[in-house]
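Worksheet: one structure, shown below.
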Amino acid sequence: MTGWIETNEQYDVAVSLNEVLRQLDRVASGDVYAWKWAVIALSCAANGALICILSGTMNIGALGDDDVATTIEALQHDSIVQFPKYAKLAPPHTLLKRARRADLRKEQAGSILKLNSSQTREFKKLVRLRNEFIHFAPMGWAIETSGMTSMVERVLTIIEQVIKDDWSFRHQSDDLRTHLIEACQNIHRACGRIDVSN
């Protein structure tokens, strides 16, 4: 055991999809509280996928606007301007907008995603649920689970578009791309095993 976790955005998509599947298997076995972890893992997978398709050779495509400007200035002026100490990603909704519109891109990278209104709506629902789970306020609340599998499957179709894009996983092994495709297929199957009436 080395004491280090070594990863990158591409590999993290795979790890996150593995966790989505693990949690959906728990849900299918009757553990409704596993939805929390499925939502968080799917959000990580979607965010990672968007980073992959937006990041070009300067690695600024998924950064927040201020960090994009500072990084470009640092690249242009060599050692005169410093790179951001802790560069921050743009919010998930902004990443999705950039992925869908060429005019919002910060650098040349992957293909423009073609999404319908239900995919966009379910992505927004996922982000809202993720925020509620992560920033849990001291109160009781309830979440209707009947539409959860639909949300997972629609967001998964966004991730699948990224996986099929030649740019996003260009430096990764064929084994990783195969694993990503199989993970998505397994998640679709897991959704089919979940009783949506509960």
Side-chain angles (χ1 to χ4, degrees), residues 1-28 34 37-63 68 71 75 87 89-90 92 94-102 104-116 118-120 122-123 126-127 130 148-194:
M1 188 164 273
T2 64
W4 294 90
I5 297 173
E6 199 171 325
T7 192
N8 57 38
E9 58 272 23
Q10 292 88 2
Y11 187 69
D12 191 64
V13 174
V15 170
S16 298
L17 289 174
N18 291 346
E19 191 58 30
V20 172
L21 181 59
R22 189 177 358 266
Q23 297 307 323
L24 290 179
D25 285 341
R26 287 180 58 202
V27 171
W37 306 111
V39 163
I40 292 170
L42 183 61
S43 177
C44 290
N47 218 46
L50 292 173
I51 293 167
C52 290
I53 204 161
L54 289 170
S55 296
T57 55
M58 290 190 294
N59 275 330
I60 61 169
L63 297 180
V68 167
T71 302
L75 287 168
L89 290 176
T94 301
L95 294 178
L96 189 68
K97 283 180 187 173
R98 287 182 190 171
R100 296 179 69 192
R101 293 182 43 191
L104 296 179
R105 292 285 179 100
K106 302 301 178 181
E107 63 181 327
Q108 201 164 4
S111 302
I112 302 300
L113 296 183
K114 303 208 182 311
L115 307 180
N116 60 40
S118 67
Q119 288 169 306
T120 305
E122 296 300 336
F123 179 87
L126 174 72
V127 172
R130 190 274 322 250
M148 297 289 270
T149 55
S150 176
M151 177 193 69
V152 169
E153 295 204 271
R154 285 197 175 95
V155 172
L156 196 59
T157 62
I158 298 171
I159 296 169
E160 288 171 319
Q161 270 192 61
V162 175
I163 293 169
K164 291 174 186 170
D165 182 73
D166 289 336
W167 177 265
S168 303
F169 295 90
R170 66 198 178 282
H171 298 306
Q172 304 304 310
S173 68
D174 290 340
D175 288 345
L176 180 65
R177 191 181 292 259
T178 299
H179 176 81
L180 291 164
I181 293 166
E182 289 173 354
C184 291
Q185 291 168 347
N186 290 333
I187 291 168
H188 283 298
R189 281 192 282 271
C191 285
R193 293 193 302 271
I194 293 171

Mark yes or no for whether [X], through its side chain, and [Y], through its backbone, hold a donor-acceptor pair below 3.5 Å.
X      : Y      : answer
Glu153 : Ser150 : no
Glu107 : Gly56  : yes
Arg105 : Ala99  : yes
Glu19  : Trp37  : no
Gln10  : Phe169 : no

How long is the gap from [atom1] on [X] to [atom2] on [Y], to the nearest 0.5 Å?
X      : Y      : atom1 : atom2 : result
Phe123 : Ser118 : CZ    : OG    : 14.0 Å
Ile159 : Gln161 : CD1   : CD    : 11.0 Å
Asn18  : Ser16  : CG    : OG    : 8.5 Å
Ile187 : Leu42  : CD1   : CG    : 7.0 Å
Cys191 : Leu21  : SG    : CG    : 9.5 Å
Leu89  : Thr94  : CG    : OG1   : 11.0 Å

May I have the step-by-step check of side-chain contact (heavy atoms from CB on, under 4.5 Å) for Arg193 and Leu24, ending in yes or no?
-> CA-CA 9 Å; Arg193 293 193 302 271; Leu24 290 179; over 6 Å; no

Find out whether [X] and [Y] are in side-chain contact, i.e. whether some heavy atom of one side chain is under 4.5 Å from a heavy atom of the other.
X      : Y      : answer
Leu156 : Leu17  : yes
Val39  : Met151 : yes
Arg100 : Gln119 : no
Met148 : Ile194 : no
Gln172 : Asn8   : yes

At their closest point, which heavy atom of [X] faces which heavy atom of [Y], and how far apart are they?
X      : Y      : answer
Asp25  : Ala190 : OD1-CB, 4.1 Å
Leu95  : Leu54  : O-CD1, 3.5 Å
Val155 : Ala46  : CG1-CB, 4.0 Å
Ile53  : Trp167 : O-CD1, 4.2 Å
Ala45  : Val13  : O-CG2, 3.9 Å
Leu50  : Pro92  : CD1-O, 4.3 Å

Does the pair Leu115 and Leu96 meet the rule for a side-chain contact (heavy atoms from CB on, under 4.5 Å), with working shown?
-> CA-CA 10 Å; Leu115 307 180; Leu96 189 68; 3.6 Å; yes

Do Glu9 and Ser55 meet the criterion of a side-chain donor-acceptor pair at a distance under 3.5 Å?
-> no

Qualifying salt bridge (Lys or Arg N to Asp or Glu O under 4.0 Å) pairs, either residue in residues 154-176, two or more places apart | none

Please indicate whether Gln108 has more than 12 foreign heavy atoms, meaning atoms of other residues, nucleotides or ligands, lying under 6.0 Å from its CD.
-> no

